[in-house]
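Okay, so here's the structure we're looking at.
A note on names: the letters A, B, ... follow the listed sequences, proteins ahead of strands, and every chain is numbered from 1.
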Amino acid sequence: MTEMNDQLSLENYSPFEVEKKWQEKWESLEAFSPNPEDDGESFCVVIPPPNVTGSLHMGHAFNTALIDVVVRFQRLLGKNVLCLPGTDHASIAVQTILEKQLKSEGKTSEDIGRDEFLKRAWNWKEQSGGRIVSQLKRIGYSVDWTRERFTLDQKLNEAVIEAFNILYKKNLIYRGEYLVNWCPESQSAVSDLEVEMQEVNGHLWHFKYPLISESGEQLDKYLEVATTRPETLLGDTAVAVNPDDDRYKEFIGAKVKVPFVDREIPIIADSHVDKDFGTGCVKVTPAHDPNDFAIGKRHNLKQINVMNKDGTLNINAGIFQNLERYEARKKIIKELDNLGLLTKIEDYKHTVPFSDRGKVPIEPLLSTQWFLKMDGISQGCLNEIDSKKPSFIPPRWEKVYKDWLENINDWCISRQLWWGHQIPAWYVLDESQDSIEQNTPYIVARNEEDALIEANKKFGLNIKLVRDKDVLDTWFSSGLWPFSTLGWPNTNDPDFKKWYPNSVLVTGFDIIFFWVARMTMMGNTFTNNIPFKDVYIHGLVRDENNKKMSKSSGNGIDPILLIDKYGSDALRFALIREVAGAGQDIRLDFDRKKDTSSTVEASRNFANKLWNATKFVLINKTSNNNYSFNESDENSLELCDKWILSKLNQVNIKVTALLKEYKLGESAKLLYEFTWNDFCDWYVEFAKQRFNNKETKNRQISEKVLIKVLNDILVMIHPFMPHITEELWHVLQLKPDNALLSLQKWPIHENKFVDNKLDNSFQQLFEIIRLIRNLRSELGLKPSEKGPVYLISDNDELIDFLKTLVGDIQTLTKSSEVFIFKNNAVDKKEFAKSFSGIISDLEVYLPFQDFVNIDALKERLTKDLKKVTIELENLNKRLSNKNFVDKAPKDIVDECRFKLNEGSVQKERITKKLELLN
RNA sequence: GGGCGAUUAGCUCAGCGGUAGAGCGCCUGCCUUACAAGCAGGAUGUCCCUGGUUCGAACCCUGGAUCGCCCA
């Protein structure tokens, strides 16, 4: 034996060393760094880039496990696989952290300026950026680290700038003043998607506006309005009623006066006004509400912005200037009350937009921003949906994706942040001029030099350029990820040519809009191709109480903790096998007091099983020269060899097909069951008997089959549990460290060993063995208490089959001897006092006269009789139904008849046996 | 308001037209040398309710209940 063998046979399974060893090997050998020139059909996955400064959470671990199974499987199939890793700059998240750091030093970003701020940001990225990467490595990710990308890399920045320029030239990007979602916390605009609606228990304030006469005098008549946001009244520029509302028809065209600011505003009719909301009169604040903004556009109303960017009221708010928005609300209510204008306060449940990141209410605010025109771009993707580009797995997500594309609004892509891709637009100013206005001309270009040349052409030489301060929405660069990482805009890049479009995108449903749709739209626009063929959408990992894991609720389960405890192989297998359904959310069991997870533990136990099965094979190997199983051995196979090979073939065929359809959970379960319940529980037990056998030929065959089956098990489980299988494969096959299981060939079995009849025979054998064990157990026999077993049947075929396996039956049931008789060859009376059981047409007798409790035996047989009688009744009912016999498929009917027959024999035998006992 | 998912053993979930499965837990025996991270045996289900289609429904279709998610 080699040193390796000794080690393995001595030590117990300890994931930590094994995983560390192979992770280092894979990386140092650059095992997963493919060459685009190499043969093999291309297969490419780009990973969803995690926040560069973040740390690994269970969602990453789940996503990683799924992707890695897919790419490792495809690699074993012989494809030229690229799995490209990287990280994301996460504008808002990182900027927020940095601002907090500054705040703790008593500074603001404005204090230190853009350059200094970015210097700090890059430092922070360098400092914390390694963590998520090293954590991903601990999962055993088979990605190409030599191609790792970061969304702010020089090359990726060039791609972003190119993309922006192309879109601008196509007139798809515009700049203008619109009502945007303003996050007062991060002091930036955010897109519609970054707004989360939350239901809150608020109030509906009713108050009245005095009507004024045509000459401008205040009348003693009022119009009552209702609102959830009284502070916005300072920006009201109309009151609107429904034109069909008889209550207010007479007032249309009249005017009311807004208190505090003494503004006279018209009463207008707009059919969008809901007569049943509040009083049926609504105040219209075009600068602070999306609906009002639309009404304002229809009626040409003035837009009066009353708010600053930090959420305080501005100069237009008059006496309320500088108050924070909710302070202002309180004060305005009080003042309205003082004026006698407040009429009613109702409790009111309504939805309020919250900033996804800042976790504060969004302020709809008029602001000049950059937008991407979406309708044409989304239509391009909609056109591809019917041809399954991309193809969603599971398919139900296609409708979600489609609905969103159909109802899309223009995308606000500018952010008032510094950490990110700065917008490649330069404002053209007079040399003396400093401020940028809404109508300041600008040039969009690839760099400042180009911009200057163009600006000089258009505006002469006496100008200066100032670059737009804003950065792009992080998702803008994420949308380019599938091709910017492969060299685009250089479409001749070998990587781009080989691996674009990508094969599959694997991600959670929560970012279908944020990311998946942005990628399809960007991809379709820039490469005239949907960037991936398939989209595999998985669910969320929820905690042990079925709650979404989140930082804010502090219920996250640390994947690294579970890896330390059980190993990455176990965690991966648990996530995939125990819990991964068809795109369903998964729940991970976790005991917070003990830091244990029974689901992950179960998978670790499976890994241990695999380890020990290999240990068994190694201990019993008679030679260092591996026997390789080949065709000449086929004639020497025993029945149990043929049986396990039949099972292996079937599992291989099924798992191969399942994995191609991304049915990862089902594959994992099948492999688990085959390995444990067929291979370890039965085949290894058969092999033990043969290893006691002196006959070399038989022993050799057994060894060969053991190694063959174990090898294929290791290869097939490798995508799921890459480390332990890599280790075991090496010691089993005596491979040097630079040969890798990861790069071997997936076994493809022809179905030549598939033998359903044999499977059934073995199934029957197992039932018989279980019955004998059960009888022994009921007798209370200790394993050491051996005794004879009699098997009696009329079925010649069964008798022959059992006779060839008589030795195995004996050992596996701890019997002293096993006798097999034809029914008519024995006198049943001899067995009258034996403990017995009956399976179809086979009677089993254990002649332990001294132990037998006749009442217990009777009870047992009566129970069996009852069971078989019920079954027979059901079968009879079905078979006596003419419709069933006529219409049901023949094999089903035949099966029923067979079972009826079998059951009848069993019933008859049990009855006779009972008679004998009485 | 619109859409989607879930409901199966004590718990977590597979199964999705031929009469119910796994893991964990539970009960009983076993240190049978690959594995106690294990072995053997066992108990446990109106497959949410309701109609309908079908020879046959946990599975397909009506309607409903409960829980959860997404969009507005």
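- Of the candidate nucleotides U12(B), C55(B), G23(B), U12(B) has the atom lying nearest to any side-chain atom of Arg587(A).
- With hydrogens and angles ignored, a donor-acceptor pair under 3.5 angstrom links the side chain of Lys609(A) to the base of C35(B).
- For G68(B), the paired nucleotide is C4(B), the pair qualifying as Watson-Crick or G-U wobble because both relevant distances are below 3.5 Å.
- Remark: the separation of the C1' atoms in C30(B) and C11(B) is 27 Å, to the nearest Å.
- Of all nucleotides listed (C39(B), U12(B), A43(B)), A43(B) comes nearest to the side chain of Lys863(A).
- No more than 12 heavy atoms of other residues, nucleotides or ligands lie within 6.0 Å of CD in Glu859(A), so this atom counts as exposed by the packing criterion.
- Of the candidates C35(B), G68(B), U19(B), the closest approach to any side-chain atom of Arg542(A) belongs to G68(B).
- Remark: the separation of the C1' atoms in C59(B) and G21(B) is 14 Å, to the nearest Å.
- The gap from the C1' atom of G18(B) to that of U50(B) amounts to 24 Å, rounded to the nearest Å.
- A salt bridge links Lys688(A) with Glu685(A); the closest basic N to acidic carboxylate O contact falls under 4.0 Å.
- Set against G18(B), C69(B), C35(B), the side chain of Arg878(A) has G18(B) as its closest nucleotide.
- A donor atom on one side chain and an acceptor atom on the other are found under 3.5 Å apart for Glu17(A) and Ser14(A).
- Rounded to whole Å, the distance from CD on Glu871(A) to P on U19(B) is 10 Å.
- Of the charged side-chain nitrogens involved, at least one lies within less than 4.0 Å of a carboxylate oxygen, so that Lys882(A) and Asp886(A) count as a salt-bridged pair.
- Set against C24(B), C55(B), A34(B), the side chain of Ala602(A) has C24(B) as its closest nucleotide.
- Distance check on atom C1': G5(B) versus G45(B) gives 24 Å, rounded to whole Å.
- Asp589(A) and Ser598(A) share a donor-acceptor pair across their side chains, judged by distance under 3.5 Å alone.
- In the set G29(B), C35(B), G15(B), the nucleotide with an atom closest to the side chain of Lys782(A) is G29(B).
- For C39(B), the paired base is G29(B) (Watson-Crick or G-U wobble, both distances below 3.5 Å).
- Contact annotation: Asn605(A) side-chain N/O to G38(B) OP1/OP2 distance is under 4.0 Å.
- Residue Leu812(A) comes nearest to Arg773(A) through the heavy atom pair O-NE, 3.1 Å, listed as atom of the first residue, atom of the second, then distance.
- Considering only the side chain of Lys688(A), A34(B) comes nearest among U19(B), C70(B), A34(B).
- Taking only side-chain nitrogens and oxygens, Lys615(A) never comes nearer than 4.0 Å to OP1 or OP2 of A34(B).
- Residue Asp403(A) is classed as having no contact, given no heavy-atom separation below 4.0 Å to the nucleic acid.
- Considering only side-chain atoms of Arg773(A), the nucleotide from G41(B), G15(B), A22(B) that sits closest is G41(B).
- Of the candidates G5(B), C4(B), U19(B), the closest approach to any side-chain atom of Gln584(A) belongs to G5(B).
- Counting atom types as modelled, Arg604(A) pairs a side-chain N or O with a base atom of A37(B) as donor and acceptor under 3.5 Å.
- Distances from the side chain of Ser777(A) to the nucleotides C69(B), G41(B), C55(B) place G41(B) closest.
- A gap of 32 Å separates the C1' atoms of A65(B) and C55(B), to the nearest Å.
- With RNA chain B read from its 5' end, the first of the two nearest nucleotides for Ala613(A) and Ser598(A) is the one closest to Ser598(A).
- In this model, the phosphate group of C39(B) is approached by a side-chain N or O of Trp676(A) to a distance below 4.0 Å at OP1 or OP2.
- The separation of A34(B) from C49(B), taken at their P atoms, amounts to 49 Å, rounded to a whole angstrom.
- For the C1' atoms, the distance from G68(B) to C48(B) is 16 Å, rounded to whole Å.
- From Tyr845(A), atom OH reaches atom CD1 of Ile838(A) across 6.0 Å, with rounding to the nearest 0.5 Å.
- The side chain of Asn12(A) contributes no N or O atom lying less than 4.0 Å from OP1 or OP2 of C35(B).
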